[in-house]
Novice: 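Would you mind keeping the following structure in view while I ask a few things?
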Number of protein chains: 2
Amino acid sequence: MPAPDPFNRKCATRVVLDRVGDKWAVLILILLHDEAHRFNELRRRIDGISQKMLSQTLRSLERDGLVHRHVEATVPVTVEYSITPLGKTLYAAVDALRVWAETHLKDVETAQKRYDRTNEKPARPLRKAA
Amino acid sequence: MPAPDPFNRKCATRVVLDRVGDKWAVLILILLHDEAHRFNELRRRIDGISQKMLSQTLRSLERDGLVHRHVEATVPVTVEYSITPLGKTLYAAVDALRVWAETHLKDVETAQKRYDRTNEKPARPLRKAA
DNA sequence: CCGCATCCGTGGGGATACTG
DNA sequence: CAGTATCCCCACGGATGCGG
């Protein structure tokens, strides 16, 4: 893994960024930070996630050591997912983003409206209509 | 925009998360945080970005009020991009992620190797070969 | 209940060519 | 130099069905 030069492909930072870019991963991390959950609990909790993505994302998180998977050998098997200590440290950073979002949402929206008002004046044909 | 319930689609947090999830946006933000840059400077600086994505991402950032676009009316037109105050506040949060990445990279890699050693023992056909 | 395999549609994003 | 427009591909992710 190369030195921390985010402008080179495949640098450490990019790897993490890609994981954070995964919206499902972040949401799962937030949920598990509060308490452990079972598979279908998560499924119901997270609006719009497919079973495939949930499964897939959980495996990634487990692989990265951010989430722990505990299998209970009951009759219909029971699986519980919980956040690991490492996961909690990432959660802290991610949470900073959440806070930023809530703090500056208004500013962003204002900027967007301004931009749209200024630039979205199309309908001025550059070349004469045919 | 709904209340801060990240589990509902289209919540504020998700919007920001999606923007941060955009790796190009983050990289641009980091570059511009150091100093203003021109279009093709950014292009050269960022390994692997296409001209289309650069253009597209810059417009998003400008629309969100995170980046400022200054046009100099020289003969071959000159355009400079710089980070806004709002952009700097976001940069702070993003930087926390960068730090996390560099700090815990080793842990993640270790976890991954462990996981792979444990689980990637395929080659045991569940059903007989045809 | 948990989760993998398969099929398949959509759109994100790369390459290229062109304009102001 | 700074973009826009077009084509095109393939990987991401949804839906469905099966297996432990």
Side-chain angles (χ1 to χ4, degrees), chain A residues 9 14 17-28 32 36-63 67-82 115 119-122 124-128, chain B residues 9 14 17-19 21-28 32 36-63 67-82 115 119-130:
Chain A
R9 319 164 193 255
R14 280 212 188 174
L17 248 29
D18 285 352
R19 178 135 316 297
V20 173
D22 184 341
K23 60 177 173 181
W24 300 131
V26 173
L27 294 177
I28 292 174
L32 294 184
H37 283 288
R38 314 220 345 230
F39 189 86
N40 279 339
E41 278 176 8
L42 290 170
R43 192 147 139 66
R44 276 186 294 272
R45 229 35 221 306
I46 302 177
D47 185 23
I49 195 170
S50 70
Q51 172 274 343
K52 178 185 182 179
M53 287 317 295
L54 178 55
S55 171
Q56 202 169 294
T57 308
L58 282 171
R59 240 180 304 130
S60 296
L61 289 171
E62 187 195 357
R63 193 174 105 96
V67 155
H68 178 67
R69 180 170 182 271
H70 179 71
V71 182
E72 196 80 23
T74 55
V75 180
V77 75
T78 300
V79 183
E80 271 235 331
Y81 292 93
S82 54
Y115 182 92
N119 299 44
E120 285 199 19
K121 296 190 178 182
R124 200 174 47 88
L126 296 177
R127 42 187 75 207
K128 296 185 177 184
Chain B
R9 329 156 118 110
R14 281 214 187 171
L17 249 28
D18 285 353
R19 177 136 316 298
D22 183 341
K23 61 178 173 182
W24 299 132
V26 172
L27 294 178
I28 291 173
L32 293 185
H37 283 288
R38 308 205 7 213
F39 189 88
N40 280 338
E41 278 176 9
L42 290 170
R43 192 146 137 67
R44 275 186 295 272
R45 227 48 179 67
I46 302 177
D47 185 23
I49 194 169
S50 70
Q51 165 271 1
K52 178 186 181 179
M53 287 316 294
L54 178 55
S55 170
Q56 202 170 295
T57 307
L58 282 171
R59 240 179 305 130
S60 296
L61 289 171
E62 188 196 356
R63 193 175 105 96
V67 155
H68 178 67
R69 180 171 181 270
H70 179 71
V71 181
E72 197 79 23
T74 55
V75 179
V77 76
T78 301
V79 182
E80 273 236 331
Y81 291 92
S82 54
Y115 182 94
N119 300 43
E120 285 199 19
K121 298 190 177 182
R124 202 174 45 87
L126 296 177
R127 42 187 74 206
K128 296 184 177 183

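As a basis for the values below, the full set of heavy atoms in this structure was taken, side chains included, without hydrogen atoms, waters or symmetry mates. Below, chain A is the first sequence line, B the second, and so on; all start at residue 1.
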Novice: Can you list everything that forms a side chain to side chain donor-acceptor pair (under 3.5 Å) with A/T78? Sequence neighbours excluded, please.
Specialist: A/T74

Novice: With each end axis built from five pairs of C1' atoms, what bend angle do you get for the helix from C/dC1-D/dG20 to C/dG20-D/dC1? Round to 10°.
Specialist: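 Terminal axis comparison yields 50°.
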
Novice: Mind checking side chain to side chain donor-acceptor pair (under 3.5 Å) for B/R38 and listing every partner two or more places apart, or none if nothing turns up?
Specialist: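 Not a single residue meets the side chain to side chain donor-acceptor pair (under 3.5 Å) criterion with B/R38.
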
Novice: List for me each residue that meets side chain to side chain donor-acceptor pair (under 3.5 Å) alongside A/R69, sequence neighbours excluded, and say none if there are none.
Specialist: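 With neighbours one apart ignored, the set is A/Y81.
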
Novice: May I have the distance from B/E80 (atom CD) to D/dC1 (atom P), rounded to whole angstrom?
Specialist: 14 Å

Novice: Taking OP1 and OP2 of C/dG3, is either one under 4.0 Å from a side-chain nitrogen or oxygen of A/R69?
Specialist: yes

Novice: What one-letter contact string describes nucleotides 9-16 of chain D from 5' to 3', where B marks a base within less than 4.0 Å of any protein heavy atom, S marks contact via sugar-phosphate atoms alone, and - marks no contact?
Specialist: ----BBBB

Novice: Checking A/E41 now: which residues fulfil side chain to side chain donor-acceptor pair (under 3.5 Å) with it, not counting sequence neighbours?
Specialist: A/H37

Novice: Looking only at the side chain of B/F39 (C-beta and beyond, no hydrogens), which of the listed nucleotides D/dG20, C/dG3, D/dG3 gets closest?
Specialist: D/dG3

Novice: Rounded to the nearest angstrom, tell me the gap between atom CG in A/N119 and atom C1' in D/dT4.
Specialist: 15 Å

Novice: For a quick check of understanding: with a heavy-atom distance under 4.0 Å over all strands, which category does B/R59 fall into, base, sugar-phosphate or nothing?
Specialist: sugar-phosphate

Novice: Taking only side-chain nitrogens and oxygens of B/R38, does any of them come within less than 4.0 Å of OP1 or OP2 of D/dC1?
Specialist: no

